[in-house]
**Student:** 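Got a structure for you, questions after.
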Amino acid sequence: MALTDAALARDDLDATRTGLAGRSYGGYLANRAATLTDRFQAIVSHAGMWNLEALQIDTDMHAYFRKIFGDPRTRRDRYEANSPHFHAAKVTTPILIVHGGKDHRVPMGQALSLHSDLQRLGVPVPVSFLHFPDWGHAIAAPNHIRIMYETVLNFLDHHVLVQEWRRPAVL
């Protein structure tokens, strides 16, 4: 956030038109930001962690994850302090969720949980979901990359620049 503040101190940037996007750990940071601030007009979470307790069971990096966070039964405070899902009701920013269906690093359940938590709690913001069922942690086929970036840029244009939504031409 300090970096955002420094960037927005520039005269050539408009602090009222900002978006945030992140992938993997950056997706986790985007999810955290969504629960901690309303300063962005749109957020894109690609393969982002949402429920850290569920993640530490399902990820292919469970040993590494437990080394960092510990066991949720004995280090509950770490999970409650850092897992965005505990604060889902605080989300006030439109979110685009992008996820691969065969992601073993941040399994698909993280994206589904983010989406369903926001729907279940009646969070009054637009939540969109772009799912690539045949891809893992990264989207790599050129045509799918094109769909993803056109969707992300159109989502940001729509919510940050208040432009009309444009469906990607390739869809």
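None of the values given here were measured: they were computed from a predicted structure.
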**Student:** Say you draw a straight line from NE2 of His85 to OG1 of Thr35; how long is it, rounded to the nearest 0.5 Å?
**Tutor:**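 That separation rounds to 11.0 Å.
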
**Student:** How is the hydrophobic cluster of Leu153 composed, in terms of its other members, when Ile, Leu, Val, Met, Phe, Trp and Tyr link through side-chain heavy atoms under 4.5 Å apart, directly or indirectly?
**Tutor:** none

**Student:** Apart from Leu121 itself, what residues make up its hydrophobic cluster, given side-chain heavy atom links below 4.5 Å?
**Tutor:**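 Answer for Leu121: Met1, Leu20, Phe40, Ile43, Trp50, Val91, Ile95, Ile97, Met108, Leu112, Leu114, Leu118, Val123, Val125, Val127, Phe129.
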
**Student:** Within the side chain of Glu150, is there an N or O that forms a donor-acceptor pair under 3.5 Å with the backbone of Ala169?
**Tutor:**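 Yes; judged by distance alone, with no hydrogens or angles, the pair exists.
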
**Student:** What are the two closest heavy atoms between Ser128 and Phe155, and how far apart are they?
**Tutor:** OG-CE1, 4.1 Å

**Student:** Could you tell me which residues satisfy salt bridge (charged side-chain N to carboxylate O under 4.0 Å, His left out) with Asp5, sequence neighbours excluded, listed by chain and number?
**Tutor:**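 Scan of Asp5 (salt bridge (charged side-chain N to carboxylate O under 4.0 Å, His left out), adjacent residues dropped) gives Arg39.
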
**Student:** Under the side chain to side chain donor-acceptor pair (under 3.5 Å) rule, collect the residues that match up with Thr16, sequence neighbours excluded.
**Tutor:** Asp14

**Student:** What pairs with Arg76 under salt bridge (charged side-chain N to carboxylate O under 4.0 Å, His left out), at least two apart in sequence or on another chain?
**Tutor:** Glu53, Glu80

**Student:** Measure the CG-NE2 distance between Leu130 and His99 for me, rounded to the nearest 0.5 Å.
**Tutor:** 12.0 Å

**Student:** Using every non-hydrogen atom in the two residues, find where Ile145 and Ala140 come nearest and quote the distance to one decimal.
**Tutor:** CD1-O, 3.4 Å

**Student:** With Asp77, which residues qualify under salt bridge (charged side-chain N to carboxylate O under 4.0 Å, His left out), at least two apart?
**Tutor:** Arg75

**Student:** Residues sharing Tyr79's hydrophobic cluster, by side-chain heavy-atom contacts under 4.5 Å among ILVMFWY, directly or via others?
**Tutor:** Tyr25, Tyr28, Leu29, Met49, Leu52, Leu55, Met61, Tyr64, Phe65, Ile68, Phe69, Val106

**Student:** For the residue pair His137 and Ser24, what are the closest heavy atoms and their distance?
**Tutor:** NE2-OG, 2.7 Å

**Student:** His144 side chain to Ile139 main-chain N or O, any donor-acceptor pair under 3.5 Å?
**Tutor:**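 A pair under 3.5 Å: no.
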
**Student:** My understanding is that only residues two or more places apart in sequence, or in another chain, count here; which of them pass side-chain contact (heavy atoms from CB on, under 4.5 Å) with Ala138?
**Tutor:** Arg23

**Student:** Using the test salt bridge (charged side-chain N to carboxylate O under 4.0 Å, His left out), find all partners of Asp38 that sit at least two apart in sequence or belong to another chain.
**Tutor:**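 Counting only residues at least two positions away or on another chain, Asp38 forms no salt bridge (charged side-chain N to carboxylate O under 4.0 Å, His left out).
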
**Student:** Roughly how far, to the nearest 0.5 Å, is the CG atom of Leu96 from the OG1 atom of Thr151?
**Tutor:**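 The OG1 atom of Thr151 sits 7.0 Å away from the CG atom of Leu96.
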
**Student:** Looking at Asp11, I want to see if its CG is surrounded by more than 12 non-hydrogen atoms of other residues, nucleotides or ligands under 6.0 Å.
**Tutor:** no

**Student:** Do Pro126 and His159 have side chains that approach each other closer than 4.5 Å (heavy atoms only, starting at C-beta)?
**Tutor:**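 Yes; the side chains approach each other to less than 4.5 Å.
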
**Student:** Are Thr4 and Thr18 close enough, and set up right, to give a side chain to side chain contact (heavy atoms under 4.5 Å, CB included), and what steps lead you there?
**Tutor:** CA-CA 9 Å; Thr4 301; Thr18 59; 5.5 Å; no

**Student:** Given a cutoff of under 4.5 Å between side-chain heavy atoms of I, L, V, M, F, W and Y, with clusters grown through shared members, what are the other residues clustered with Leu13?
**Tutor:**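 When side chains under 4.5 Å apart are linked, the cluster holding Leu13 also contains Leu8.
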
**Student:** Using 0.5 Å steps for rounding, measure from the CZ atom of Arg120 to the CG atom of Asp117.
**Tutor:**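 Going from the CZ atom of Arg120 to the CG atom of Asp117 covers 4.5 Å.
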
**Student:** With rounding to the nearest 0.5 Å, note down the distance linking OG in Ser45 to CD in Gln110.
**Tutor:**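 If we round to the nearest 0.5 Å, Ser45:OG and Gln110:CD are 9.5 Å apart.
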
**Student:** Which pairs pass salt bridge (Lys or Arg N to Asp or Glu O under 4.0 Å) with one or both residues in residues 89-111, sequence neighbours excluded?
**Tutor:**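 Residue pairs passing salt bridge (Lys or Arg N to Asp or Glu O under 4.0 Å), neighbours aside: Asp60-Arg105.
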
**Student:** Scan side-chain atoms only and decide if Ser113 and Asn51 contain a donor-acceptor pair under the 3.5 Å cut-off.
**Tutor:** no

**Student:** How about Pro94 and His158: do any of their side-chain heavy atoms sit closer than 4.5 Å?
**Tutor:**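 Pro94 does not reach His158 side chain to side chain.
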
**Student:** Check the pair Leu36, His87 against side chain to side chain contact (heavy atoms under 4.5 Å, CB included), reporting the backbone distance first and the verdict last.
**Tutor:** CA-CA 8 Å; Leu36 296 172; His87 309 284; 5.8 Å; no

**Student:** Can you name the closest pair of heavy atoms from Ala30 and Gly22 and give their distance?
**Tutor:** CB-N, 4.3 Å

**Student:** Which salt bridge (Lys or Arg N to Asp or Glu O under 4.0 Å) pairs, counting each pair once, include a residue from residues 162-171, with sequence neighbours left out?
**Tutor:** Asp157-Arg166

**Student:** Hey, quick one: are Tyr149 and Val98 part of the same hydrophobic cluster, counting side-chain heavy atoms closer than 4.5 Å, chains of contacts allowed?
**Tutor:** yes

